[in-house]
Amino acid sequence: MPSNDVRTLLQTAVPTAVAGAVAAVISAGVAGGKGALGAIVATIVVILFMGIGLMVLQRTARSMPHLFQAMGLALYTAQLLLLFIFVAVFKNTSLFNPKAFAITLVVTTLVWIGAQARAHMKAKILYVEPESDKDEKPKKPGSAA
């Protein structure tokens, strides 16, 4: 994974994990241990889903740049649908507090998206690949190129 991708992943995963930890503390205070567990599970789900999506999107950008925008829209739509499915599947669970799970899922998703937007705005990514001097033969004065 190139260093820009790792940097972007860290700049998005760390704030999301911090938001998840804060949500776990708040959920523990409001709903006890099951609330904290729901918040932790939601944070892990968001980091995994969004992290995998980020890696897929970066790979697509390198291999098929003409599909980048369409792939990004399709990927975010699929991720949000999968997160809604997770909420629907676990809405009546007794393993953890489903309300803490759902709220943390939404909050950490919003934190991830905001952190990802900030990371991309601060990244210094070249829009055009610079030409390499090694590939060109030296031109002689007066010769037609």
Partners of V87 by side chain to side chain contact (heavy atoms under 4.5 Å, CB included), sequence neighbours excluded? F101, A102, L105
Would you say F96 ends up clustered with V46 if hydrophobic residues are merged whenever their side chains have heavy atoms under 4.5 Å apart, either directly or through other cluster members? yes
Taking transitive links into account, so neighbours of neighbours count too, which hydrophobic residues share a cluster with V106 at under 4.5 Å side-chain distance? L110
State plainly whether one hydrophobic cluster holds both L54 and V45, where clusters connect Ile, Leu, Val, Met, Phe, Trp and Tyr through side-chain heavy atoms under 4.5 angstrom apart. yes
Go through the steps for T109 and M50 under the test side-chain contact (heavy atoms from CB on, under 4.5 Å), then give the verdict. CA-CA 8 Å; T109 299; M50 298 299 208; 3.5 Å; yes
Side chain to side chain contact (heavy atoms under 4.5 Å, CB included) partners for A17, two or more places apart: I47
Any pair with a residue in residues 16-38 that passes side chain to side chain donor-acceptor pair (under 3.5 Å), sequence neighbours left out, goes on the list, sorted by first then second residue, please. none
Please identify each residue that fulfils side chain to side chain donor-acceptor pair (under 3.5 Å) with Q116, with sequence neighbours left out. Y76, W112
Atom pairs and distances, donor-acceptor, side-chain atoms in residues 63-71, under 3.5 Å, two or more places apart:
from, atom 1, to, atom 2, distance (Å)
S63, OG, R59, O, 3.0

One should read off an interatomic distance between I85 CD1 and L80 CG, to the nearest 0.5 angstrom, of 11.0 Å
Under 4.5 Å between side-chain heavy atoms, chaining through other members, with only Ile, Leu, Val, Met, Phe, Trp and Tyr counted: pull out the rest of the cluster around L73, sorted by chain and number. none
Atom pairs and distances, side-chain donor-acceptor, residues 37-44, under 3.5 Å, sequence neighbours left out:
from, atom 1, to, atom 2, distance (Å)
T43, OG1, A39, O, 2.8

Please, which pairs that meet ring-ring contact (aromatic ring centres under 6.0 Å, His included) have at least one residue in residues 27-54, sequence neighbours excluded? F49-F86
Rounded distance (nearest 0.5 Å) linking atom CG of L9 with atom CD of Q58: 9.5 Å
Which side chain to side chain donor-acceptor pair (under 3.5 Å) pairs, counting each pair once, include a residue from residues 79-108, with sequence neighbours left out? none
Results of side chain to side chain contact (heavy atoms under 4.5 Å, CB included) for P98 - residues two or more places apart only: none
Residues forming a side chain to side chain contact (heavy atoms under 4.5 Å, CB included) with F84, sequence neighbours excluded: none
